[in-house]
Amino acid sequence: MTGPIAVIDFETTGLSPAQGDRATEVAVVLVQGGRVVDRFQSLMNAGVRISSFIESFTGISNAMVAAAPPAAQVMAEAARFVGSAPLVAHNAGFDRRFWQAELARLGPDAPAAHNPFACTMLLSRRLYPQAPGHKLGTLAAFHALPAAGRAHRALADAEVAAALLARIQADLCSRFGLAAASHSLLMAVQACQRHALDAAVRRHLGTPSVAA
DNA sequence: TGCCAGGCCCTCTTTAGGGCCTT
């Protein structure tokens, strides 16, 4: 049994914290042994205005964040919830930038700020090249994953990403005869070269031959 | 008013360009 993995999703005011964008909502789903074992979700007030485009896109309004706890408080709680668990997100580069930017505002010693991230989008590109696309919703439909609520809200998207992660782990296990697909294996698959998946997994596992 | 990012991946590539994906 591997340790828990924290699947995270942010809703934000835009695409780039370097351009002043801030998080408006965060959700974390803890997954262990292919099952969701705990959840964290909160809106947060970062003191910035949400554009009408983002409001219609996410359903998160200025009034909703005005009534939410301060961003620093929410991020501190999220970091404690994640603890030492490795992280997973869909298009993880995006969520990693906001995770690190928001935690950096808490100070240089914020916990969990540098936990490793794996990406369900990069993994899906490796494992499911036949999928019609690699958006989270497209992959959910492709794998017939259960609906989890309104898309583009943090907890619903984190739940779908967690279900996608469970599918990825199950497929890796069945393909390579594993009992469990660890986060480090996910990182190895994510980093492997195109058309070199089996060789990359064999290198990671340290086994000379694995049934395909 | 209009525009804004970053990184991976593919290919009509590698001295590059553009699509995808996240909000």
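So that the names make sense, note that chain A is the first sequence line, chain B the second, and so on, each numbered from 1. Since this is a predicted model, take the numbers as computed values, not measurements.
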First-last contacting nucleotides on DNA chain B - partner chain A, under 4.0 angstrom, heavy atom: B/dA5 to B/dT23
For nucleotides [N] and [M], find the distance between their [atom1] atoms and express it as a whole number of Å.
{"N": "B/dC12", "M": "B/dG18", "atom1": "C1'", "value": "12 Å"}
{"N": "B/dG17", "M": "B/dT13", "atom1": "P", "value": "12 Å"}
{"N": "B/dT14", "M": "B/dC10", "atom1": "C1'", "value": "13 Å"}
{"N": "B/dC20", "M": "B/dT15", "atom1": "P", "value": "25 Å"}
{"N": "B/dC21", "M": "B/dC3", "atom1": "P", "value": "24 Å"}
{"N": "B/dT1", "M": "B/dG19", "atom1": "C1'", "value": "28 Å"}

For [X], answer base if it contacts any base atom (sugar-phosphate contacts may also be present), sugar-phosphate if it contacts only those atoms, and nothing otherwise; contact means non-hydrogen atoms under 4.0 Å.
{"X": "A/D95", "answer": "nothing"}
{"X": "A/L122", "answer": "sugar-phosphate"}
{"X": "A/F98", "answer": "nothing"}
{"X": "A/T58", "answer": "sugar-phosphate"}

Check: [X] side chain, [Y] main-chain N or O, donor-acceptor pair, under 3.5 Å:
{"X": "A/Q169", "Y": "A/A181", "answer": "yes"}
{"X": "A/T24", "Y": "A/T13", "answer": "no"}
{"X": "A/R96", "Y": "A/N91", "answer": "no"}
{"X": "A/D157", "Y": "A/H152", "answer": "yes"}
{"X": "A/E25", "Y": "A/E11", "answer": "no"}

Point-to-point distance, once rounded to the nearest 0.5 Å, from CZ of A/F10 to CE of A/M75: 4.0 Å
Contact nearer the 5' end of DNA chain B, comparing A/G93 with A/D157: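 By nearest-heavy-atom nucleotide position, the 5'-most residue is A/G93.
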Contact nearer the 5' end of DNA chain B, comparing A/R96 with A/E11: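 Nearest nucleotide further toward 5': that of A/R96.
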Note, A/F176 side chain near A/D198 side chain (heavy atom, < 4.5 Å):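 Side-chain contact under 4.5 Å: yes.
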